[in-house]
Q: 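I have a structure I would like to understand better, so I am pasting it below and will then ask my questions one at a time.
Every heavy atom of this structure was used, including side-chain atoms; hydrogens, water molecules and symmetry mates were not. Naming: A, B, ... by sequence-line order, numbering from 1 per chain. Owing to the predicted nature of the structure, the values given are computational and were not obtained by experimental measurement.
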2 protein chains.
Amino acid sequence: MTGLRERKKAAIRQAVHETALRLAVERGIDNVTIDEIAEAAGISRRSFSNYFTGKEDALIHPDGQQIRAIVDAVRTRPPGEPAWAAMRAVIRGIVREDEQTVQGWAIRTRLALQHPAILAVQLGKHAALERDLAGVVAERDGVDPVRAQVLATAFLAGLRIALRRWIQEELTAHPADIIEQVLDEMEKPFT
Amino acid sequence: MTGLRERKKAAIRQAVHETALRLAVERGIDNVTIDEIAEAAGISRRSFSNYFTGKEDALIHPDGQQIRAIVDAVRTRPPGEPAWAAMRAVIRGIVREDEQTVQGWAIRTRLALQHPAILAVQLGKHAALERDLAGVVAERDGVDPVRAQVLATAFLAGLRIALRRWIQEELTAHPADIIEQVLDEMEKPFT
DNA sequence: GGCATACTTGCCTAATGCGCATTTTTGCCT
DNA sequence: AGGCAAAAATGCGCATTAGGCAAGTATGCC
C-alpha cells in the first residue's frame with residue numbers, strides 16, 4: 001500500500017510546499033514566481049506543475065493532509081458515538097497533542113485572509129474534502145445525506161471561524177479554547 | 001448615488017457575464033478564451049480585465065449581486081426580529097417571487113461543481129460577503145461577533161447545500177422545499 | 001458648451017498551464 | 001546482483017493570461 005515511491009513523492013511534495021511557504025512569507029506571495037520556488041526546492045519548473053496546479057495549491061497543501069487526517073480519525077472513533085461528538089473529540093485530540101499542526105493551519109489561514117486567490121483555493125480544497133467527511137458522518141450516524149452534509153459542513157466551517165478568530169487575536173489565547181467556544185456556539189440552536 | 005455612469009458600468013458587466021455564461025455553457029468552459037468572450041460582448045480584451053479578474057469571476061458575478069441583495073434585505077427587515085428568522089424570511093421571499101434568481105444560481109453552482117476553479121472563486125466570493133452578512137446579523141441581534149459569524153456562515157452554507165441537493169435531483173422538486181428542509185435541518189441541535 | 005474625470009483600448013512583458021517527447025530514476029523481481 | 005518495466009523528471013513549445021502604462025475617447029456635470 002504505502003509503497004516507498006509514494007512516500008518519496010509525498011516527501012518531495014512536502015518539501016516543495018515548505019519552500020513555497022518560506023519564500024512567500026519572506027518576500028510576499030506576489031513577489032515569488034513558480035520558477036523560483038522550483039529552483040529553491042531543487043526541481044524543474046515543469047516538475048512543479050506535476051506536483052501542484054499553482055502557487056496557491058502548493059501553499060495550502062497541508063490543509064488537505066490535515067482534513068484527511070481528521071476524516072480518518074473520525075472514521076476510527078468508537079462506533080455508536082454520534083458524529084458531532086466524534087468530530088469534536090478528534091479535533092480536541094489534535095489540538096492537544098499536535099500544537100504544531102494548528103499553528104501551521106493558522107499561518108496558512110492568515111495568508112488566505114490576505115490573498116483572495118489563496119482563500120479561494122483553500123475553500124475549494126476544503127469543499128472537496130467536506131464530501132468525504134459527510135460520507136463518514138453518514139455511515140456513522142446512519143442519518144440521511146442532508147443531515148450528514150449539514151454536520152460536516154458546520155464542523156469545518158466552525159474550525160475556519162475559530163482559526164480566523166484566533167488569528168485576529170494575534171494567536172494570544174489558547175487555540176483549544178477558541179475552537180471549543182465556536183463549536184459550543186454552533187451547538188446552540190439558531191432560532 | 002446611482003449615477004448614470006455606474007449603472008452603465010453595471011449593465012456592461014451584466015452583459016459580459018451573460019456572454020461568458022452563454023459561451024461557457026455552449027462549448028464548455030475550457031474551450032472559451034477571454035478574447036472570445038470579450039469580442040462576443042463587444043469590448044476589448046483589455047477592458048474585460050477592467051471588469052473581471054478572469055473567466056471564473058465573470059461567470060460567478062451574479063452570486064455577488066444576489067448575496068448583496070440578501071444582506072440588504074436582511075438589514076431592512078423589521079427590527080426586533082431575530083437574525084436567523086430574518087434571513088429565512090428573506091430567502092423565502094426571494095424564492096417565492098423571483099424564481100429566475102434561484103434558477104440562475106443553480107446554473108452557476110452546477111458549473112462550480114464541475115470545475116474546481118470556478119468553485120474556488122465562488123466560495124471565495126461568498127466568503128467575502130459573509131463578512132457583511134455577519135455584520136448585519138451582529139447589529140441586529142446585538143450578539144457577540146462569534147455568534148453573528150456562526151449564524152451568517154451557517155445560513156450561507158445552508159443555501160449552498162440546498163442548491164447542491166436541488167441540482168442533484170435534476171431540478172425536479174421545488175427549490176423552496178429543499179431550502180426549507182436544509183435550513184430546518186440546521187436548526188436541529190448538532191449534538 | 002467646455003472641462004475634468006472616468007472609461008476604453010492597444011501595446012507590451014513576465015508569468016502561467018499543460019501537452020508531448022525524451023531522458024533519467026527507481027522500486028522490484030528473478 | 002542485475003536488469004527491466006513503470007514512474008517520475010525534464011526540456012521545449014505554444015496558447016493563454018494578468019496587469020502596468022500611456023494615449024485616445026466618451027461623458028456626466030457645472
Q: Could you tell me whether R22(A) and E26(A) have a side-chain N and a carboxylate O separated by less than 4.0 Å?
A: yes
Q: So I178(B) and E169(B), do their side chains get closer than 4.5 Å, heavy atoms only?
A: yes
Q: dA7(D) phosphate, OP1 or OP2: any side-chain N/O from K8(A) under 4.0 angstrom?
A: no
Q: Is a side-chain donor-acceptor pair under 3.5 Å present for H126(B) with E130(B)?
A: no
Q: Let me know the distance between CD of E6(A) and P of dC28(C), rounded to the nearest Å.
A: 10 Å
Q: Return the value, rounded to whole Å, for the distance between atom CZ of R7(B) and atom C1' of dT27(D).
A: 14 Å
Q: Quick one: R13(A) CZ to dA8(D) C1', roughly how many Å, whole number?
A: 12 Å
Q: Please name all residues satisfying salt bridge (Lys or Arg N to Asp or Glu O under 4.0 Å) with R13(A), sequence neighbours left out, ordered by chain then number.
A: none
Q: Relative to Y51(B), does K9(B) satisfy both conditions: NZ or CZ under 6.0 angstrom from the six-membered ring centre, and within 45 degrees of the ring's axis?
A: yes
Q: Write down the distance between CZ (F52(B)) and P (dG19(D)), rounded to a whole number of angstrom.
A: 15 Å
Q: Heavy atoms, side chains only, cut-off 4.5 Å: are V137(B) and M87(B) in contact?
A: yes
Q: Please give, in whole Å, the distance from dA18(D) C1' to I29(A) CD1?
A: 16 Å
Q: Spell out protein contact along nucleotides 6-16 of chain C as letters: B when the base is contacted, S when just the sugar-phosphate is, - when no protein heavy atom is under 4.0 Å; keep the 5' to 3' order.
A: BSBBBB---SS
Q: Expressed in angstrom and rounded to an integer, what is the separation of N31(B) atom CG from dC18(C) atom P?
A: 13 Å
